Amino acid sequence: MMKYAVRAEGLSVRRGRRQVLRDVHLAVPVGQVVGLLGPSGGGKSTLMRSVVGVQAQVSGTVEVLGEPAGSPGLRHRVGYVTQSPSVYRDLTVGQNLRYFATLVGAAGGRVDQVLEQVDLRGQVDQRVADLSGGQASRVSLAAALVGRPDLLVLDEPTVGLDPVLRRSLWRLFAELAASGTTVLVSSHVMDEAARCDRLVLLREGRVLADDTLPALLARTGAEDAEGAFLHLVDEADADGPVAPDPAYHRRRR
């Protein structure tokens, strides 16, 4: 049985003169909700694009579900939801999902299932252009779910959503993980850390930590994820360049 859904070794990405990711080592366990947290501009989206296989100027290695990132065999096994809705605005919600279901060969009843999961049954006949930003984002999530991906990569999926809907989506992520789907989800909202099985804290393209929240709190003496992150930032600033997280290497053995 595969132990990790994603493994990255020495992953670096340069964009022009800027080094966006720096020697990232990462191991995402199968069937968990793994939160990628950190400030905007820290490299979270670039890391996710590298995992999906659509990022240019990548060095190092990224393995996804046992294959190199971006391999043709991963196309129907990886679902990717970007920050901006990636569906057809001139089509209705139902038309979008039926189209994507056809592309991945999903069963006929799958569209109704994902509409229920993302709470959009009432909007099935509405054009995406007429929806709120949060609703349009959920259509993108539904489109990614329709093919039952083994890995779901979500870039800031709860931005702009009200607290009730955010809670509902995090419950969905937990249910997906319990059913065996690995969920890699980015956020800059530290209070969402408690909803993740594991956390990867990223700053300026470097991994500051890759561990569970209880372990991070014990390591830093902080009361919450934000305090732990700030402690690690101060520690990194005092010590100079961040070394790869030793917990990653322990898990590899």
Side-chain angles (χ1 to χ4, degrees), residues 4-6 26-40 42 44-45 47-48 51-52 78-87 93 97 110 112-123 131-202 208-217 222-229:
Y4 297 112
V6 178
L26 184 67
V28 177
V30 169
Q32 289 192 9
V33 179
V34 176
L36 182 59
L37 276 73
S40 297
K44 299 189 301 296
S45 294
L47 177 53
M48 291 189 147
V51 169
V52 176
V78 177
Y80 178 38
V81 181
T82 60
Q83 292 185 33
S84 300
S86 50
V87 290
V93 173
L97 296 185
R110 183 60 181 155
D112 289 335
Q113 290 175 349
V114 295
L115 283 169
E116 187 71 32
Q117 285 180 308
V118 301
D119 193 24
L120 283 176
R121 291 185 65 87
Q123 288 75 38
L131 300 178
S132 68
Q135 289 172 329
S137 295
R138 280 183 283 151
V139 180
S140 290
L141 174 58
L145 288 173
V146 76
R148 299 184 187 273
D150 296 311
L151 171 65
L152 187 60
V153 180
L154 307 172
D155 197 351
E156 305 268 7
T158 61
V159 169
L161 302 184
D162 65 75
V164 174
L165 187 51
R166 281 175 57 201
R167 181 180 63 183
S168 176
L169 285 183
W170 278 103
R171 285 176 177 169
L172 172 59
F173 302 157
E175 291 169 1
L176 290 169
S179 69
T181 300
T182 304
V183 181
L184 179 61
V185 53
S186 73
S187 177
H188 63 269
V189 181
M190 287 293 170
D191 65 5
E192 295 187 330
R195 301 181 182 275
C196 301
D197 298 307
R198 191 168 196 90
L199 299 173
V200 177
L201 302 184
L202 194 68
L208 296 184
D210 176 5
D211 217 329
T212 64
L213 180 57
L216 287 174
L217 298 182
E223 295 183 353
D224 54 27
E226 182 173 352
F229 181 78

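What you see is a predicted model, and the numbers here were worked out from it, not measured in a lab.
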Check: [X] side chain, [Y] main-chain N or O, donor-acceptor pair, under 3.5 Å:
| X | Y | answer |
| --- | --- | --- |
| Arg110 | Leu97 | no |
| Arg198 | Val28 | no |
| Thr182 | Gly31 | yes |
| Thr158 | Leu161 | no |

Are [X] and [Y] packed together at the side-chain level, in the sense that at least one heavy-atom pair is separated by less than 4.5 angstrom?
| X | Y | value |
| --- | --- | --- |
| Tyr80 | Ser86 | no |
| Val159 | His188 | yes |
| Val189 | Arg166 | yes |
| Val34 | Val6 | no |
| Leu201 | Leu216 | yes |
| Val185 | Pro157 | yes |

Looking only at non-hydrogen atoms, find the nearest pair between [X] and [Y] and report the distance.
| X | Y | value |
| --- | --- | --- |
| Leu172 | Leu141 | CD2-CD2, 4.3 Å |
| Val51 | Val153 | CG1-CG2, 4.3 Å |
| Val33 | Arg195 | CG1-O, 4.4 Å |
| Asp119 | Arg138 | O-NH1, 3.0 Å |
| Ala222 | Gly227 | CB-C, 3.4 Å |
| Lys44 | Leu37 | CD-C, 3.9 Å |

Straight-line distance of [X] [atom1] to [Y] [atom2], nearest 0.5 Å:
| X | Y | atom1 | atom2 | value |
| --- | --- | --- | --- | --- |
| Glu156 | Ser40 | CD | OG | 6.0 Å |
| Leu176 | Leu154 | CG | CG | 8.5 Å |
| Gln113 | Arg148 | CD | CZ | 5.0 Å |

With sequence neighbours excluded, residues passing side-chain hydrogen bond (donor to acceptor under 3.5 Å, both in side chains) with Glu175:
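Listed in chain order: nothing, the list is empty.
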Report the residue from Leu208, Leu202, Leu199, Asp224 that forms a side-chain contact (heavy atoms from CB on, under 4.5 Å) with Phe229.
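By the side-chain contact (heavy atoms from CB on, under 4.5 Å) criterion, Phe229 pairs with just one of Leu208, Leu202, Leu199, Asp224: Leu208.
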Could you list the residues that satisfy ring-ring contact (aromatic ring centres under 6.0 Å, His included) with Phe173, not counting sequence neighbours?
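Once residues adjacent in sequence are excluded, the partners of Phe173 under the ring-ring contact (aromatic ring centres under 6.0 Å, His included) criterion are Trp170.
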Side-chain donor-acceptor contact under 3.5 Å, Ser186 with Asp155
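Yes, side-chain donor-acceptor contact under 3.5 Å.
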